[in-house]
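Shown next, in structure tokens, is the structure this report addresses.
In what follows, residues are counted from 1 in the order of the sequence shown. Worth saying up front: this structure is predicted, and the values here are computed from it rather than measured.
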Amino acid sequence: MPIPVKILRRAPLALPVALATLALGGCKQDGAAADKAASAEASQPASDLAISDARLVLPAVKGNPGAAYFSISNETTGTKAIAGIAIDGVGKTETHQTIANEMTPVDRVEIAPGTHIAFEPGKLHVMAFDVAGTLKAGGKTRLTVTFATGETSSTDMAVQSAGEAAMGGMDHGSDH
């Protein structure tokens, strides 16, 4: 039995409608979670890139940015370029450099082979925007550095209050 011409004319429209319906059904999934899962599958751990002394300093005033500090060592034979920095519980990060009391964004951080770079107050550092209220001083979060090669290096990161960071991270609750 031949297919009526009327149905054949509508057939080219059916595929795009069906695909759009399937795509919209997937929109119920959290986009950030989907991106994170996809990047986790695509990324490779960087065994010769070590992060140490990682800490997130919470903003002194809610709604302001916090700051992240850490050191990273490159024990590979090639230069590694940082492509992104992610901190669990932080909406967005930006790498900045302070020179002569002026803070400016840094587009690219490269780590030569056999060297380390320190992200520290008043120098190279990471600004942490949209810090979740669930991050509390004394707790921990996760820092992940992604390199231009797709490799990643992650570590736990201590969470500090602005006051604790200003006092050098010392425990001032003890008797002197």
Side-chain angles (χ1 to χ4, degrees), residues 30-132 134-170:
D30 178 7
D35 289 346
K36 191 173 188 177
S39 82
E41 291 174 8
S43 65
Q44 298 291 324
S47 59
D48 293 333
L49 296 161
I51 300 172
S52 60
D53 304 321
R55 63 189 175 107
L56 171 66
V57 177
L58 296 171
V61 176
K62 187 178 179 175
N64 283 355
Y69 309 109
F70 57 94
S71 292
I72 188 161
S73 298
N74 177 4
E75 299 305 323
T76 70
T77 57
T79 298
K80 296 294 181 175
I82 296 176
I85 297 171
I87 302 169
D88 289 354
V90 171
K92 177 178 107 171
T93 63
E94 291 180 6
T95 302
H96 289 183
Q97 173 99 25
T98 304
I99 300 172
N101 292 327
E102 187 174 325
M103 187 169 48
T104 58
V106 174
D107 293 329
R108 186 173 178 94
V109 175
E110 292 185 349
I111 309 165
T115 65
H116 84 277
I117 290 183
F119 288 75
E120 53 193 2
K123 297 181 182 177
L124 185 65
H125 60 280
V126 177
M127 297 299 297
F129 297 91
D130 304 322
V131 177
T134 55
L135 293 175
K136 303 290 182 198
K140 295 213 179 282
T141 190
R142 192 84 177 153
L143 167 71
T144 301
V145 179
T146 303
F147 298 90
T149 59
E151 297 170 296
T152 61
S153 189
S154 297
T155 191
D156 285 337
M157 172 177 253
V159 179
Q160 294 182 326
S161 69
E164 180 183 5
M167 298 303 285
M170 298 169 50

Distance alone, cut at 3.5 Å: any donor-acceptor contact between the side chains of E75 and S73? no
Shortest non-hydrogen pair, A54 vs I51, comes out as CB-CG2, 4.4 Å
Sorted by chain and number, sequence neighbours left out, side chain to side chain contact (heavy atoms under 4.5 Å, CB included) with N64 holds for P59, V61
Q.
Between S161 (side chain only) and E164 (backbone N and O only), is there a donor and an acceptor less than 3.5 Å apart?
A. yes
_Non-hydrogen side-chain atoms of P113 and T79 separated by less than 4.5 Å_ = yes
In short, K136 meets L58 closest at the heavy-atom pair C-CD1, 4.0 Å
- May I ask you to establish whether K80 and F147 are in a cation-pi arrangement, using a distance under 6.0 Å from NZ or CZ to the six-membered ring centre and at most 45° from the ring axis? no
side-chain contact (heavy atoms from CB on, under 4.5 Å) test vs N74 passes for just one of D48, I117, I111, namely I111
Partner of V90 under side-chain contact (heavy atoms from CB on, under 4.5 Å), picked from T141, L56, I85, L143, is L56
- prompt: Checking T146 side chain against A83 main chain: does a donor-acceptor pair fall under 3.5 Å?
  reply: no
For F70, the ring-ring contact (aromatic ring centres under 6.0 Å, His included) test, sequence neighbours excluded, returns F119
Partner of R142 under side chain to side chain donor-acceptor pair (under 3.5 Å), picked from D156, T155, D88, is D156
Scanning both residues in full, the closest heavy-atom pair of A165 with R55 reads CB-NH1, 3.8 Å
Quiz item: Just wondering, do K123 and T98 contact through their side chains at under 4.5 Å, heavy atoms?
Solution: no
